[in-house]
Amino acid sequence: MGAIDRLQSIGSQLSGAASASGGKSKLLEKNPDDIVVTACLRSAFTKGGKGGFKDTQASDLMAGVFQGLIERSKIDPKLVEDVCVGTVLAPGGGATEMRAAALVAGFPVTTSVRTLNRQCSSGLQACVDVANQIKAGMIEIGVGAGVESMSTNYGPQAVAEFSPLLESVPQAANCKVGMGQLSEKMAKDLKITRQAQDAFAAASYQKALQAQKDGLFKDEIHPLKAKYVDLKTDEEKEVIVDRDDGVRPGITVESLAKIRPAFDKEGTIHAGNASQISDGAAAVLLMKRSTAEKLGQTIIGKYVAASIVGVEPLLMGLGPWKAIPKVFELTGINKDDVDIFEINEAFASQCLWCANELGIPAEKINPKGGAIAFGHPLGCTGARQVSTLLYELKRTGKKIGVTSMCIGTGMGMAAVWVAE
Amino acid sequence: MGKLKLFNGRVANQPKLPNHTCLLLASPRPGVHLLKPTMASMLEFRTPGFNPYAVKYSPYYDSRIAVATSANYGIVGNGRVFCLGLGPGGVQIEKTFDTNDSLYDLAWSEINENQMVVACGDGSIKLFDLGANDFPVMNFHEHKRETFSVCWNPVTKDNFLSSSWDGTVKIWSPTRTESLKTLPVGSCTYSAQFNPSNPALISTASSDSHIRVYDLRTPVSAKYHLTTTIPVHAPPATGAFLPNGQTFPAFPPAEILTHDWNKYNHGLVAAGGVDRVIRTFDVRNPSGGPLSLLRGHEYAVRRLAWSPHAADILISASYDMTVRVWTDGSTMPAAPHPGQPEPPVREGVQLGLMNRHTEFVTGVDWCLFGSGGWVASVGWDERVLLWDAHSLLRA
């Protein structure tokens, strides 16, 4: 019955017609039942087996990040009803350790915890699941998170031996083909040149380096104390880890051109144009807008919608190319409405191909660099992208962002977020 | 009466030609303007200070029209109902009623020729009687936000419904101030209609891009009589790639602002809204996708109405300031060449365009009587235009 509501209603009916999209103005509306982010942060990412977190268990990383989230949001931990942690490599799904980590961080016993595994999108899936729980009225406030200690858990034990039954169906057997191997084949089939991949990778390094120099990761990184055993002296010391150690200067197309292919002598994929093996954790605090306003929480962004799709297991890199149009369909926006795309750089080849096919301009993708420059702790990445995206949207005064990634065994996921 | 068929079984003892026709033959009088340049003839009435939102012909008299209007474009301020009479003296006010908030829709009573209900911005519905001055004879106030549409049950005639921005549809008896039933739609419901032949079927059009059909004969259960949900933006069941080699355009979800049941085929509904496209659906096949696409409006479609005189004809009013007359293509040969398979989605054909309004056109209605082409349209230009759609077709 407010005049403003009536004006807005007529305005959106008109602008929807004028832009033929209808979605954007609707997306930017603020409604009490919106699912909003009131805090999001991550640990620094460090190199697997070498970096600052190489001797830190995933549970300890997660506990540290949970503590950071509670401190930063000043949320009363009693009000958080459920926590969901995406993690890929942890034995037993990490269910026991993550419940314990939440208790360490200061969540009371009444806060429930679960883990999930959708491979490289686990962190995003955790956020989406929590958002949906809130939407459905199952909980009021929840945390979506992701963690991976690739230093302690990465290795051949991650996949069990395939049964003869699985081996007998070709498409099923394809699910266990190594990521390097299938990406190599995909790059070759889709004619993505080494030159193009190296240029994309070098840009990722250079963007990340510049962002690090400018202190653009300060907002999203929560510094953590970690025990670290010196590789040369075997001396244990305590260090503060507050920067991504994978980001390094001097990387150019020329320097990358010298690296030998990793999977195939004739191939195009190498350590410099694929994501790094890393350790890290990230978390996102979610609730309804009405709840956030009641509690006086600072709203930094809004979750809008997510999509999940399946593709050929051997073409898993195409996931974002299929998932992003689907989330556009769900939200009624198009690529021009989106200001920033955070698309995980599993491999330069697949990320570049997806971007080109979708017609996304280079300056809209991963403006602070990506997994090639600072790493891809599998379960963590999806939750990490939320922080990277929302703080960058805010800094640049932009609004709409998409996070997306390809998923091993042939899937893709994408989500739309709005910064406020 | 030629093609005229009164769809709800009303016995008509009306003259063969509506009074406007006689009127046009007479010399113009003050208050009546005959407009000649592009259309053969058109009557005009002005509503100074009030922007019309809806117009309805009386189901009882061919010479009576009601217009629901709002001050300040319905954004803030009063509302006024104009009851207009057409006679040898031109279009004249028979009565006006004022309300404290904007008016968005109205429906004539099907059981009392002097009564009508109006949808009010404060969430109320008011029943006015032409025999009573100034005040409504009944006030129905349960909606928590703007009431946006009203529709009288054309079959049983003893109840009417309302839809609201509060996301509900309510069914009312004109004699009781408490609603008989509430149907939750879940999102802003711009339009709700009774099926013209089955008094138990109610359809809604809402901001979530869906048409819903409720069947009051089903048990309430968890779904509150909801039996059918049609995603208006969805492609046909055959998918985005049509067998005729074309690709069905991808439409994102968009607010549906208006819809209407066909008066001859009682499973057929037409809907229009923000994405500018009018679509027809068979409610018996909710996942089948649209039967016809009627494309041409350049801004949102604000109101549409099927002709009471011909099964394939409908008229639509839009924010693009035009009123368009269409055929849904159902009476034309479907395949471009004989022998070819029928395309799964027909393209409707625009038969005519009326561009005399100078602001958003918000209301349009067919006259039930006469030679079957008389139409009333209203818009934010503070004008009520009465004209013969046949003149568009001939042009």
Side-chain angles (χ1 to χ4, degrees), chain A residues 1-34 135-137 288 290 304-307 309 321-338 357-359 400 402 414 416 418, chain B residues 51 53 70-77 100-102 104 120-124 143-148 164-167 186-188 190 207-209 231 233-235 240 249-258 272-277 295 297-302 318-320 360 362 380:
Chain A
M1 283 162 252
I4 300 295
D5 287 350
R6 291 177 184 179
L7 260 179
Q8 268 178 359
S9 163
I10 295 164
S12 72
Q13 288 166 11
L14 274 177
S15 64
S19 73
S21 81
K24 187 171 176 179
S25 56
K26 185 135 199 156
L27 222 62
L28 298 177
E29 277 176 15
K30 296 179 179 177
N31 294 310
D33 58 351
D34 290 338
K135 236 182 219 174
K288 276 200 182 133
S290 52
V304 182
S307 66
V309 298
W321 162 74
K322 207 171 165 196
I324 291 174
K326 188 168 173 196
V327 84
F328 285 165
E329 208 173 289
L330 293 174
T331 49
I333 58 170
N334 59 48
K335 73 173 192 327
D336 301 324
D337 293 329
V338 178
E357 283 299 306
L358 293 170
I400 299 178
V402 164
V416 175
V418 178
Chain B
N51 308 102
Y53 263 84
S70 302
N72 305 312
Y73 306 97
I75 292 162
V76 61
N100 286 333
D101 208 327
S102 308
Y104 298 120
C120 193
D122 62 5
S124 69
H143 284 302
K144 295 187 173 62
R145 298 196 64 188
E146 287 81 348
T147 312
F148 216 70
S164 163
W165 284 18
D166 71 5
S187 50
C188 179
Y190 289 115
S207 61
D208 66 353
S209 199
H233 57 280
F251 294 104
E255 294 193 298
I256 312 302
L257 303 179
T258 178
V274 168
D275 72 0
R276 302 171 284 177
V277 184
R295 290 191 275 187
H297 276 301
E298 289 162 26
Y299 278 97
V301 181
R302 187 61 190 70
S318 161
Y319 285 148
D320 70 6
F360 299 165
T362 48
W380 280 12

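In what follows, chains are A, B, ... by sequence order, proteins preceding strands, each numbered from 1.
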* To do: Using a 4.5 Å cut-off on heavy atoms from C-beta on, say whether the side chain of B:Y73 contacts that of A:I10.
  =>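 No; the side chains remain at least 4.5 Å from each other.
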* Residue pair A:R6 / B:S102, side-chain heavy-atom distance below 4.5 Å ->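 Of all side-chain heavy-atom pairs linking B:S102 with A:R6, at least one is under 4.5 Å.
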* To do: Against chain A, label B:F360 side chain, backbone, both or neither, depending on which of its atoms sit under 4.5 Å from a heavy atom there.
  =>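 Side chain only.
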* To do: Would you mind checking which part of B:F148 comes under 4.5 Å of any heavy atom in chain A, side chain (CB onward), backbone (N, CA, C, O), both or neither?
  =>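 Answer is neither: B:F148 stays 4.5 Å or more from chain A.
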* Can you list the residues that meet the side chain to side chain contact (heavy atoms under 4.5 Å, CB included) rule with A:L28, with sequence neighbours excluded? ->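 Side chain to side chain contact (heavy atoms under 4.5 Å, CB included) list for A:L28, sorted by chain: A:K24, A:K399, A:I400, A:V418.
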* Not counting sequence neighbours, which residues clear salt bridge (Lys or Arg N to Asp or Glu O under 4.0 Å) with B:D320? List them please. =>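 Scan of B:D320 (salt bridge (Lys or Arg N to Asp or Glu O under 4.0 Å), adjacent residues dropped) gives B:R324.
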* **Enclosure of A:D336 CG (heavy-atom neighbours >12, cutoff 6.0 Å)** =>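 Yes - once you tally the heavy atoms of other residues, nucleotides and ligands closer than 6.0 Å, there are more than 12.
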* What distance do A:D5 atom CG and B:R145 atom CZ have between them, rounded to the nearest 0.5 Å? ->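 A:D5 atom CG to B:R145 atom CZ measures 4.5 Å (nearest 0.5 Å).
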* Where do B:P252 and A:G332 come nearest, in terms of heavy atoms and distance? ->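 Scanning both residues, the minimum pair turns out to be CB-CA, 3.5 Å.
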* Minimum-distance pair of heavy atoms, taken over all atoms of B:E255 and A:S12 ->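 Heavy-atom minimum between the residues: OE1-OG, 3.8 Å.
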